[in-house]
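The analysis underlying the following values was restricted to heavy atoms, covering all of them including side chains, and did not include hydrogens, waters or symmetry mates.
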Amino acid sequence: MKNKEKQKYSHLSSIKWAYKKLWNIERKFIFYTFADIPFLIASPLIASYFSKVLIDAVQSCAEFKSIVNIVISFIAVVFFTELIYVFLGTRFSARRHYPTSVFQTEMSKMENSETDYEITETQEYKKIKQYAFSDATGGKAAVEFIAQDTKVFLTALLGIIVYGYLLGSLNPFLFLVVAFVSLSTYFTTRMQPKYYEKNKHNFEKESRKISYLSSISSNLQLSKDIKLYGMEKWLDKLLSDYQSFVLFWNKKCSFRGFIASLLSGLMTLIQNGAAYIFLTISLFSGNISVGEFVFYFSAVGSVAKYLQNIIGSTAKLASRAEKIEYYRDFYSVKNKFNYSKGKPVPTDLIEIEFRNVWYKYDGADDYTLKNINFTINKGESIAMVGLNGAGKTTLIKLICGFYSPTKGKILINGKEISEFNINEYYSLISAVFQEIKPVAFTMYEFVASSDLQRNNSREEAVDAMIKAGIYDKIKNLPNGIDTHLMKGIHDDGVDLSGGEMQKLLLARAIYKNGPILILDEPTAALDPIAENNLYLQYKNLNRNKTSVFISHRFASTRFCDRIILLDEGEIKEAGTHDELMALKGKYAHLFSVQSKYYKEDDINEE
C-alpha cells in the first residue's frame, strides 16, 4: 500500500489562504458568520441561570410577585436575544453557499479559459481537479465550511472560559475530569478523516472512471455504438465493479467513524456519571442548593459540550485544511503560456517557424515529434500528410498554442508564442478539427460565436454558410439560421449529419477570418461532390492567409504550395506534389497506393 502523500502546506497556512479568498469574495459573509457568537453563549447561560433563580425562589417561598417578575424578566431578555439572533441568522442565510458557487464558477472558468490545454490532459492535473471539484461540488466545500468550523471553535473557546470559570469556582477537580474526558475525544474524532486522507489514493482513480462511464451513459452521440455493439452489459459491469471498489473503501472509512462514535459515547457516559456523583454528594452535604445543583449540572453539560466542540472543530479544521490543499494545488497550477499582457499579435500576414522542435506527451517514453524544422512563409499554403500516428495532429496543436514544445521553439513572425497573450494569439487562428461536437446554439450563434457583436454579423454568417455549402440546408429549416442545433434542448432543435456539421464548422472558420487557417481532415465526412467543391474554392478560402491542410487523401494536397510528409514524428520529405512524385520516395509510393482505390479527376483551379 502506498504511503500518504507528503503534506505540502501547513494547516494554518491553508486556513489563512481560505480566509483570504473568502474575504475577497464576500466580506459580509465572514462578518455574519461570527456575529452571533456572543448570543450563542448567552442564551444557554441565561436559561440555566433562570432555572437556578426560579427554583431557589420557589424553595425559599418567595412572594408570587417576585416569581412573576423573575419570569417576565427572563422572557424579556430571551425575546431580545432571540430577536437579534434571528436577524443575524437571516442575514447569514442570505449569503450561505454563495462562496461555494463563486468557487465553482471560478474554478470552471480557470480550467476552460486560464489553464493550458496541454496541462488539462496530464494525469497529475486530472487528479488535482478530481479532488478539488469533488469537494467543491460535494455539498460542504471546505473553503466555505471552514468559516463555520472556526465559528464552532471560537464559540466553544469562549464558552469554556465562561462555564469553566463557573464550574472551577465550585470544584476545580470536577472541571479537570470533564476536560480530560472531552479532550480525549480528539483522537476518536480524527480517526475517520485521517484514515480517509491516508487511503484516498486507493480509490481516486476508480472515482474518475465512474464519472467517465456515467458521462458515456448520458452521451447521445455514443448511444448508437453502445446499442449496435451490445456494450450495455459490459459498461454496466465496469461501472458496477468500480462502484463496488469505491463502496468497499467507503465502508472501511465508515467503520472507523462507527468505532469513533462508540468510544465517544462511552467517554460521555463516564463524564456525566462522575458529575452526577459529585453534585449529588455536594447537594446532600448542604454545600449547594437545589437550584445550584441544576445550574452546575447544566454547566457540566455545557463545558463538556464546548470542550467536545473545540476538539471536534479542531479536528474538522484539520480535515478542512487538508481539503483546502486540493484548492491550493488547483489554483497554483503553473501554465507555460502567457495569460497576462503580452506583445501585440501580428495584424498582417503570418510566418510560422518550427526550430528544432521536439514534443513528448505526459507519461510517454518516446517523443511524438523529433527535431522538427520548417518554415511556413507568409501567405503560404502547406499540406501535412502521413500515416496515422505520424504526429500531424500533435503538430497542429503546437501551432494552435494548445501544446508547448518539450524542446525547441515555435516562432510567429519571429516571436515565440509564449510572448503573446495566449487568448489574443487564439484570435489569429481559424480552425476546423476532426472532432465534431455540436453545442445547443442557433446556427447563426454557432457560426458567429467568435464575434457576435460584429457589424453585419448575420449577413457575414450567411455568407460564410454559403461558401461552406451549408446554407441551402439551413435556409429551409423552420427558423432558418435561428434554428437551434441538437434535439432535446430546444423545441426547434435539429441534428445535422456528420458532413453537414463539418460544413457548419467550416462556415465558422470562414466567418472568424483569422490570418492562420487550419483544416484538419476537413473533407473526412463530406460526400465526393461537396469535397470537390471545397477543393475548387480552397484558394479563395486561404487567400491572404497562412494555411495548413491535413489530409489522408493525398490527391487533395495538390492544391497546396508545399507538402510536408511526416513519418514516425520526423519530416521525411518536403516539396511540391510534382517534386515529391519525381523524388519517387514515400510520398510517391503512398500516392500511388491510394490512386488504385479512387479515380483521380481533373479539378480546375480558380
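- By the 4.5 Å heavy-atom criterion applied to side chains, Tyr19 and Thr150 are counted as neighbours.
- Aromatic ring pairs are classed by plane angle as parallel below 30°, tilted from 30° to 60° and perpendicular above 60°; the pair Phe133 and Phe330 is perpendicular.
- The ring pair (Phe, Tyr, Trp, His ring centres under 6.0 Å) test applied to Tyr339 returns no partner, not counting sequence neighbours.
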Test log, rule side-chain contact (heavy atoms from CB on, under 4.5 Å), inputs Tyr242 and Lys237:
CA-CA 9 Å; Tyr242 294 144; Lys237 178 69 166 54; over 6 Å; no

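- For Glu445, the salt bridge (charged side-chain N to carboxylate O under 4.0 Å, His left out) test picks out no residue, with sequence neighbours left out.
- Under a 3.5 Å cut-off, the side chain of Ser113 and the backbone N or O of Met110 do not form any donor-acceptor pair.
- Side-chain contact between Leu519 and Ser547 is absent, with no heavy atoms from C-beta onward closer than 4.5 Å.
- No more than 12 heavy atoms of other residues, nucleotides or ligands sit less than 6.0 Å from atom CD of Glu568.
- Residues Ile470 and Glu500 form a side-chain contact, since some pair of their non-hydrogen atoms from C-beta on lies under 4.5 Å apart.
- A 4.5 Å side-chain heavy-atom check between Leu398 and Leu369 finds at least one atom pair inside the cut-off.
- Taking 4.0 Å as the cut-off between side-chain N and carboxylate O, Asp329 and Lys127 do not count as a salt-bridged pair.
- A salt bridge links Arg320 with Asp149; the closest basic N to acidic carboxylate O contact falls under 4.0 Å.
- Checked by atom type, the side-chain pair Lys407/Asn371 shows no donor-acceptor distance below 3.5 Å.
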Show the numbers, then the answer: is there a side-chain contact (heavy atoms from CB on, under 4.5 Å) between Leu504 and Met501?
CA-CA 5 Å; Leu504 196 67; Met501 195 65 216; 4.0 Å; yes

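- Applying the ring pair (Phe, Tyr, Trp, His ring centres under 6.0 Å) test to Trp358 and every residue at least two apart in sequence or in another chain returns Tyr367.
- You'll find the ring centres of Tyr331 and Trp17 inside the 6.0 Å limit.
- A search for ring pair (Phe, Tyr, Trp, His ring centres under 6.0 Å) contacts involving Phe248 returns nothing, not counting sequence neighbours.
- Geometrically, Arg95 does not engage Tyr32 in a cation-pi contact, judged by NZ or CZ lying under 6.0 Å from the ring centre and within 45° of the ring axis.
- For Asn335 (side chain) and Glu114 (main-chain N/O), a donor-acceptor pair under 3.5 Å exists by modelled atom type.
- A heavy-atom distance below 4.5 Å is found between the side chains of Ile571 and Ile372.
- Between the side chain of Asp362 and the backbone N or O of Glu121, no donor-acceptor pair lies under 3.5 Å.
- For residues 9-25, the set of pairs meeting the salt bridge (charged side-chain N to carboxylate O under 4.0 Å, His left out) definition, not counting sequence neighbours, comprises Lys21-Glu106.
- Glu419 places a side-chain N or O within donor-acceptor distance of the main-chain N or O of Glu416, the cut-off being under 3.5 Å.
- Tyr327 and Asp135 share a side-chain donor-acceptor pair at under 3.5 Å.
- The ring pair (Phe, Tyr, Trp, His ring centres under 6.0 Å) check on Tyr511 picks up nothing, with sequence neighbours excluded.
- Aromatic ring centroids of Tyr359 and Tyr403 lie under 6.0 Å apart.
- Atom NZ of Lys140 has 12 or fewer heavy atoms from other residues, nucleotides or ligands within 6.0 Å.
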